[in-house]
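Counting begins at 1 with the first residue of the sequence. Atoms within each ligand, like the ligands themselves, are counted from 1 in listed order. Computation of the quantities below employed the complete heavy-atom set of this structure, encompassing side-chain atoms and omitting hydrogens, waters and symmetry-equivalent molecules.
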Amino acid sequence: MSNTLVVGTQWGDEGKGKVVDLLTADADLVVRFQGGNNAGHTLVVGGKQFIFHLIPSGILYEDKKCLIGNGVVVDPEVLLRELENLRKSGVVVTPERLSLSEKAHLIMPYHRALDLAREAAKGTRKIGTTGRGIGPCYEDKAARVGIRAVDLLEPDTLEEKISVNLEEKNFYLTRRLGADPLELGPMLEDYLSMAERLGPFITDVSMELYDAGRAGKRILFEGAQGTHLDLDHGTYPYVTSSNPVAGAACAGAGVGPGQIHHVLGIVKAYTTRVGGGPFATELTDEIGDRIQEKGREFGSTTGRRRRCGWLDLVVVRDSVRLNGLGSLAVTKLDVLTGLETLKLCVGYDVKGDRIAYRPTSLKKMEAAMPVYEEMPGWDREIAGARKMDDLPSEARRYLERIEEVTDVPVSIVSVGPGREETIVASNPFH
Ligand code: IMP
């Protein structure tokens, strides 16, 4: 038995969805442990397109159990919409296939309203959030006024909590942010009706995982976002409001550290970021445009154009330390095909000081100049490569240099969007 945890090593959008889909074949259960519907990935299976924001894509395999852990913030409307879309595509999801933790916090309409109104008020210093209410929901969780999935099972508790919260939020929305107030009646009606539909899925996820582990089943922990968007370890305040680092899987799913046997870090072969915040290797020239176009770098949640740049190994090396990575999956290597010269950032120069880690001070981070190594690129298309030896020597050298600088082996390489367009040098589950 070997449970695997998948985390993003950059600023999200590393291509975790495809790797998770690939590894799901070897797992019995797939669990999400943080974030919410700020995440998103698209899968094409049997000619049909599926977009997932909350439900693990493992739901497309008939024999896998999918779980949404307590650390996830759940917008019930989005969850029901995803269930409905699956039903329309012929995938009927029963409580035997999907569990929602009773301890997961719910995103409420006032969380979305606060997210949008606050961002609008910030002007040029806005974070560039996804506007899904993620931050305000986690705030309520920490302030101990949040509404949890378990409350959906007790209509009187739900009603009382929504009324108390809404009074305070409306005051803040109207008086401080100049936004419109929200109405209690329709909100109560919506949540009571959604409670009926979601009720059967609400369980103790931690207990399910414990029992599954004891029965020798294999668990895949699916991280969302990326290490440098982590609330504690990321480019604060340009971060999300949860902890995407590996350690958070324990608190967010309700398991002990001994239940995680391998941490796989997903590294996109270049770097991207959506929203604001420092990005040392950002390319604002035609090479950046070319990577953006070839890599189809648009956010799958908001459709925003992603900022693109060279691979920043300072960022990845920090992620090795912060997550205890056992191996790396390098994705979208094919996007770099055709570039004459590639650059790898191996350090930063901050006003004359050479450093090998990402500084915490935002001012220093904004001043950090990348120290690059240059490597020759390759011309030959690589989508057909199925083993390392099929790659051009320059591509192999690029991967070797990643291994040398991070001191972590590359176990998987993705050379195209299709499930089969992958080199699996070693499977973390085996
Ligand atoms: P929030 O998570 O909506 O509060 O957004 C905070 C920051 O995290 C913004 O810069 C978002 O663009 C970014 N972000 C949130 N989720 C993702 C994701 O799944 N991929 C990439 N960036 C994300």
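In this structure, a donor-acceptor pair under 3.5 Å is present between the side chains of Thr422 and Lys18. Judged by distance alone, the side chains of Tyr191 and Asp151 never bring a donor and an acceptor atom under 3.5 Å apart. For the 3.5 Å distance criterion, the side chains of Thr235 and Arg273 qualify, holding a donor opposite an acceptor. Between the side chains of Trp378 and Thr337, at least one donor-acceptor pair of N or O atoms lies under 3.5 Å.
Within a 6.0 Å sphere centred on CD of Glu403, heavy atoms belonging to other residues, nucleotides or ligands number more than 12.
Exactly one of Arg306, Lys268, Lys332 qualifies for a salt bridge (charged side-chain N to carboxylate O under 4.0 Å, His left out) with Asp13. That residue is Arg306.
Relative ring orientation between Phe52 and His41 is described as tilted, the plane-to-plane angle lying within the 30° to 60° band.
Contacts between Arg132 and ligand 1, counted as non-hydrogen atom pairs separated by less than 4.0 Å, are absent for every part of the residue.
Ligand 1 has no nitrogen or oxygen under 3.5 angstrom from a nitrogen or oxygen of Asp115. For ligand 1, the polar-atom distance check finds no N/O of Ser241 at less than 3.5 Å from any of the ligand's N/O atoms.
Scanning all protein heavy atoms for the shortest distance to atom 11 (C) of ligand 1 gives Gly128 O, 3.5 Å. Remark: minimum distance from atom 2 (O) of ligand 1 to any protein heavy atom is reached at Thr240 OG1, 2.6 Å. Protein heavy atom in closest approach to atom 20 (N) of ligand 1: Asp13 OD1, 3.1 Å. Among protein heavy atoms, atom 17 (C) of ligand 1 sits closest to Gln225 CG, 3.5 Å. In terms of protein heavy-atom proximity, atom 14 (N) of ligand 1 is nearest to Leu229 CD1, 3.8 Å. Residue, atom and distance of the protein heavy atom nearest to atom 5 (O) of ligand 1 are Thr129 CA, 3.3 Å.
Within ligand 1, the atoms closer than 4.0 Å to a non-hydrogen atom of Trp11 are 21 (C), 22 (N), numbered from 1 in the order shown.
Within the set Thr130, Val274, Val239, the minimum heavy-atom distance to atom 6 (C) of ligand 1 is found for Val239.
Ligand 1 has at least one atom lying under 4.0 Å from a heavy atom of Arg304.
Of the inter-residue distances, the one linking Lys48 atom NZ with Lys88 atom NZ reads 13.0 Å to the nearest 0.5 angstrom.
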